[in-house]
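First up is the structure itself, then whatever we jot down about it.
Values below: every heavy atom of this structure, side chains too, minus hydrogens, waters and symmetry copies. Order of appearance sets the numbers: ligands from 1, and atoms from 1 within every ligand.
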Amino acid sequence: MSELESLIIEQSREGRTAVSLPQCDVPEAALNSLLPSEYLRTQEPELPEVSEVDAVRHFTRLSTYNHGVDTGFYPLGSCTMKYNPKVNEMLARLPGFTMMHPYQPEELTQGSLQLMYELQNDLAQIAGMDAFTLQPAAGAHGEMTGILIVRAYHAHRKDTKRTKVIVPDSAHGTNPATAAMAGFEIVQVPSNERGGVDIEALRKVANEEIAALMLTNPNTLGLFDENILEIAEIVHSVGGLVYYDGANANAIMGLARPGDMGFDAVHINLHKTFSTPHGGGGPGAGPVGVKEFLKPFLPKPIVIKKEDGSYSLDYDRPLSIGRVRAFVANFAVLVRAYSYIRALGGDGLKEAARNAVLNANFLMSILKEHFYLPFDRVCMHEFIITPKDLKPYGIHTLDIAKRLLDYGYHPPTIYFPLIVEEAMMIEPTETENLETLEKFANSLIRIAEEGKTDPEKVKNAPYDTLVTRLDETSAARHPDLRWHKG
Ligand SMILES: *Cc1c(COP(=O)(O)O)cnc(C)c1O
């Protein structure tokens, strides 16, 4: 760290300030009587006292320490780090939306309700479902909502022997976690040599104890399961439901619909496919769609259009699983998704999906000459390669990911899915141009060469970042996020 990079609290000088506020016109006695005494400060807070320019420089500098989609290529598989058009940010910031209060009466929120109603319908059309809730705040939250709906459906039919949920071994970790949290036992099914669900293994575990199968298609290997209709049929034939983890809809939007593949319920990550910038933990949205027969179990309220043409929140839903969050949704995320969908239209969504698939296949076709490609078939939005040839040089996927930082790229997702040893999961997205893809491929190829000619260089990377190799486990398990005096 240079001298300029001291912590903001260390730059503090008594009396220096960035604001000038008028005298508070509420008498102190009134303030004290309004707030319960346990909430009143007994000491001044220890805040940095800095000027406006100090604060601006500090936070602007911090922003440059992070790699974002606006600063460079970000091929983080399964996360769909596409560029999100800024016009959607402008719309989400319109005062009519941001100044709204959740307790405002319906007569005064008709525009927002209409937006939610139309988004519910747009998503239903895209997913091939009959109804949507916009409440869930993330993909994992959508899964939880979806599986609680499945549970409510079976319970309503007094079909109480269904205690198990089938999850393929390529699943995102949130799938088994969701099923376990909802009280189900997990039954894992293996993948076949083409990267899809092993049908014979599925047949063996499909029985009257199965509440649901949770499936991602295209799956986390970036592969479309060609047996999807048969898979759905096997689960339905024993009375189970089929749940679609639609976190990654970027390859299929407008082209293929979970509802047509036999799925009964689905969640969609608006923060991946539908234009909300993400990374660092949110906010996001994971709306859940269902087929007609599951509609009564959706969380309440949902937005309805009344006969007189006005919009309303419908709480009169006796079979609903209830609320899954406070208020209606992460509303600004919905605005972005709505404006993204309406700006692109059906043809635009299709083109985006086709380009996402094209970009992934283009990159894969270059890289497969230099890396090991465990499933050599046309991929969807992403693909998996591994540095198998570099094993004799002691080079692991982690080393390549770290070296990529020196080349100015965010690394791909690594060591996931778990079923591929040393996996690198690359998702370029549709918003990258040909030159970016070629430059990235060339960088990876150069790193592979460095791995053979100068393995130590790769093993000790990165060199050009603010911090170099970290103890990532300790950083995650014992984060030290507070400033300690002295
Ligand atoms: C991202 C992702 C999830 C989880 O979504 P969150 O919004 O991070 O909770 C679930 N499944 C798959 C396949 C994903 O890629």
Side-chain angles (χ1 to χ4, degrees), residues 69 74-82 84 123 127 133-148 165 167-182 186 191 195-197 212-225 228 242-253 258 261 263 265-289 324-325 329-330 332-334 336-337 356 360 379-384 410 412-420 423-429:
V69 179
Y74 206 135
L76 190 67
S78 207
C79 293
T80 314
M81 304 302 285
K82 59 165 109 181
N84 301 297
L123 293 174
T133 171
L134 303 173
Q135 279 187 32
H141 194 191
E143 288 174 34
M144 189 67 188
T145 305
I147 292 301
L148 291 180
V165 167
V167 178
D169 61 0
S170 62
H172 195 272
T174 49
N175 294 182
T178 294
M181 277 187 76
I186 315 301
S191 303
V197 171
L213 162 75
M214 297 181 82
L215 195 72
T216 310
N217 192 30
N219 63 20
T220 62
L221 300 164
L223 301 173
F224 192 87
D225 201 313
I228 187 59
V242 192
Y243 182 83
Y244 185 83
D245 175 347
N248 310 130
N250 216 38
I252 62 152
M253 55 173 175
M261 299 178 209
F263 288 92
V266 33
H267 79 265
I268 291 178
N269 279 23
L270 298 186
H271 47 291
K272 286 178 182 169
T273 312
F274 295 101
S275 191
T276 280
H278 59 295
V288 169
V324 295
R325 59 164 287 137
N330 266 348
V333 178
L334 308 183
R336 293 181 182 96
C379 70
M380 299 298 286
H381 58 297
E382 65 192 4
F383 61 95
I384 311 279
H410 194 287
T413 296
I414 56 173
Y415 299 107
F416 180 76
L418 305 174
I419 54 171
V420 177
M424 276 195 279
M425 182 196 229
I426 300 178
E427 179 179 12
T429 82

### Nearest heavy-atom neighbours spanning Leu215 and Pro168
CD1-CG, 3.3 Å

### Query
Quick check: does any side chain N or O of Asp225 sit under 3.5 Å from a backbone N or O of Val197, one acting as donor and the other as acceptor?
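Indeed, once roles are kept as given, a pair shorter than 3.5 Å links the two residues.
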
### Query
Tyr74: what forms a ring-ring contact (aromatic ring centres under 6.0 Å, His included) with it, not counting sequence neighbours?
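Tyr74 satisfies ring-ring contact (aromatic ring centres under 6.0 Å, His included) with His67, His410 only.
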
### Message
Once rounded to the nearest 0.5 Å, what's the spacing between atom CG of Asp245 and atom CG of Asn269?
### Response
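Asp245 atom CG to Asn269 atom CG measures 7.5 Å (nearest 0.5 Å).
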
Does ligand 1 have any N/O pairs with the protein under 3.5 Å, and how far apart?
residue, atom, partner, partner atom, Å
ligand 1, 5 (O), Asn269, ND2, 3.1
ligand 1, 7 (O), Gly139, N, 2.7
ligand 1, 7 (O), Asn269, ND2, 3.3
ligand 1, 7 (O), His271, NE2, 2.7
ligand 1, 9 (O), Gly139, N, 3.3
ligand 1, 9 (O), Ala140, N, 2.8
ligand 1, 11 (N), Asp245, OD1, 3.2
ligand 1, 11 (N), Asp245, OD2, 2.6
ligand 1, 15 (O), Ser78, O, 3.1
ligand 1, 15 (O), Ser78, OG, 2.6
ligand 1, 15 (O), Asn248, OD1, 3.3
ligand 1, 15 (O), Asn248, ND2, 3.3
ligand 1, 15 (O), Lys272, NZ, 2.7

### Query
Any side-chain donor-acceptor pair under 3.5 Å between Asp169 and Ser191?
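Looking only at side-chain atoms, Ser191 and Asp169 do form a donor-acceptor pair, the distance falling under 3.5 Å.
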
### Query
After noting the C-alpha distance and the side-chain angles of His267 and Tyr244, does the key distance pass the ring pair (Phe, Tyr, Trp, His ring centres under 6.0 Å) rule?
CA-CA 7 Å; His267 79 265; Tyr244 185 83; 8.3 Å; no

